[in-house]
Amino acid sequence: MPKKSHYEKLRDKWIGQHQALQEKLWARHGEAFHSLVNTTRSFAAGSLGSLLLLTSPALPALPSQVSSVIANENAPHEFDKSTFFVTDLMNALPKEVQPLTGPEEKATLSILNRDFDVRVTPELQGIRLERNYGYIGMEQHLARYPGDTLETHFDNAVDAQLYGKQGMAPGLGAWGYFARSFDSLTEEDKAREKYYIAVQTFIAPGFDENVREYITFFKYRKMLIVNPQNGRAMVVVIGDAGPGRSTGKQFGGSPEVMKYLERVDGRQKGPVIVYFLEDPDNTVPLGPVSLK
Amino acid sequence: MIRHFYTHIVETETVSLELDALDLKSHEKEHLERLVEAQIHHVVVDTVLTELSDADKKTFLEQMHTKNYDKLWKLLNAKIDKAEEKIKKAAQDITKELLKDIKDLKK
């Protein structure tokens with residue numbers, strides 16, 4: 001049997017100790033956590049897993065099989081990967097929805113790159129967004145080709161029923177139609193419109209000095225968008241520029257994106273995290289992504 | 001390292017320096033540091049909760065959750081005799097154990 005390295009010895013010992021401490025904490029003070037979860041509105045209703053929001057710092061960057069062991073053995077109740085993920089994100093994010101500081105950006109990136117099979121970055125080709133954490137508002141469907149209307153927009157009646165009520169935007173997206181005609185519309189074009197977000201490209205640092213370069217860069221740029229309050233995430237593209245600065249929102253999402261993320265507009269608007277996706281070979285499909 | 005309500009009074013650099021002396025890859029060291037942080041965190045939270053009434057436990061947990069550390073410390077100072085000292089001691093005790101674990105590796 002190969003000899004364990006220093007790392008492996010400490011890791012195994014400390015994981016065991018950590019588990020014991022968690023169990024002890026739960027055994028001694030479980031009632032307090034129960035009480036809090038059941039009476040505090042900001043917790044996911046009834047989710048005992050949310051207790052870790054209070055008791056766990058950032059989850060160690062464990063191999064997935066180890067973290068699942070910890071999760072199973074420490075949580076006497078339903079307790080899944082998303083709980084750890086949401087816990088860690090909430091610990092890393094500022095209390096207010098505001099631009100991230102360097103350490104906050106680093107911490108959120110570390111969590112996202114640890115827990116998803118895709119890689120994200122705040123800066124690509126020297127370009128950054130003005131913000132990576134902000135409020136998102138509901139956008140409307142974009143016309144994909146000349147003549148695209150609500151009647152032609154959906155592939156099936158279920159989607160039309162689910163997403164039709166948001167209507168079509170009166171104008172085109174920042175990059176015009178996704179295809180020249182219905183006949184030339186590809187599955188990729190459809191996915192881009194379905195899973196699009198709007199970002200404030202026009203206030204990205206350096207935009208005014210490099211307008212042409214930035215517009216080209218942002219066009220259909222793949223991003224990862226995450227609702228930090230429920231852990232839902234999607235790979236999307238930048239399909240439009242906006243919303244306006246006066247709206248108090250920093251991002252917009254297609255009806256499909258907003259529904260999946262469980263984000264709503266208006267007074268109950270909520271925050272999202274948005275980073276560039278590193279996908280140089282364009283192999284990552286658009287749509288929902290799951291935790292590892 | 002995430003800022004906890006006790007970050008300003010709990011020292012973890014010693015463990016970090018001891019880990020530096022081991023032959024660890026950067027991600028291994030990072031992982032071990034997180035395990036250190038997690039253990040200290042649980043011990044500190046346990047120490048505080050043990051000293052509080054049920055009602056105060058809930059207030060404390062709420063303030064920790066919302067990172068309202070000013071109010072949190074007002075609560076601790078009002079409800080726990082020598083709160084800061086107790087937290088420091090709990091953290092020091094677990095830190096000593098962790099340092100011993102590292103030293104044992106070298107034997």
Just verifying a value: how many Å separate [X] [atom1] and [Y] [atom2], rounded to the nearest 0.5 Å?
X: Leu32(B); Y: His6(A); atom1: CG; atom2: NE2; answer: 11.5 Å
X: His27(B); Y: Arg114(A); atom1: NE2; atom2: CZ; answer: 14.0 Å
X: Leu35(B); Y: Arg11(A); atom1: CG; atom2: CZ; answer: 9.5 Å
X: Ile15(A); Y: His31(B); atom1: CD1; atom2: NE2; answer: 4.5 Å
X: His4(B); Y: Asn91(A); atom1: NE2; atom2: CG; answer: 7.0 Å

Looking at chain B, which one of Lys13(A), Glu104(A), Lys9(A), Lys106(A) has the largest number of heavy-atom pairs inside 4.5 Å, strictly under?
Lys13(A)
Over 12 foreign heavy atoms within 6.0 Å of NZ, Lys86(B)
yes
So for atom CG, which belongs to Asp20(B), do other residues, nucleotides or ligands contribute more than 12 heavy atoms lying within a distance under 6.0 Å?
yes
Residue-level contacts of residues 95-104 of chain B with chain A, using a heavy-atom cutoff under 4.5 Å
Leu98(B), Asp101(B), Ile102(B)
Do you know which two heavy atoms are closest between Ala92(A) and Lys67(B), and how far apart they sit?
N-NZ, 4.4 Å
Which portion of Asp54(B) sits near chain A, non-hydrogen atoms under 4.5 angstrom:
neither
Could you look at Leu24(B) and say if it's the side chain, the backbone, both or neither that has a heavy atom under 4.5 Å from chain A?
side chain
Part of Ser110(A) lying under 4.5 Å from any heavy atom of chain B
side chain
Within a strict 4.5 Å, meaning less than it, do heavy atoms of the [X] and [Y] side chains meet?
X: Leu49(B); Y: Arg28(A); value: no
X: Leu10(A); Y: Leu19(B); value: yes
X: Lys25(B); Y: Tyr7(A); value: no

Going by the ring pair (Phe, Tyr, Trp, His ring centres under 6.0 Å) test, which pairs reach into residues 84-107 of chain B, not counting sequence neighbours?
none
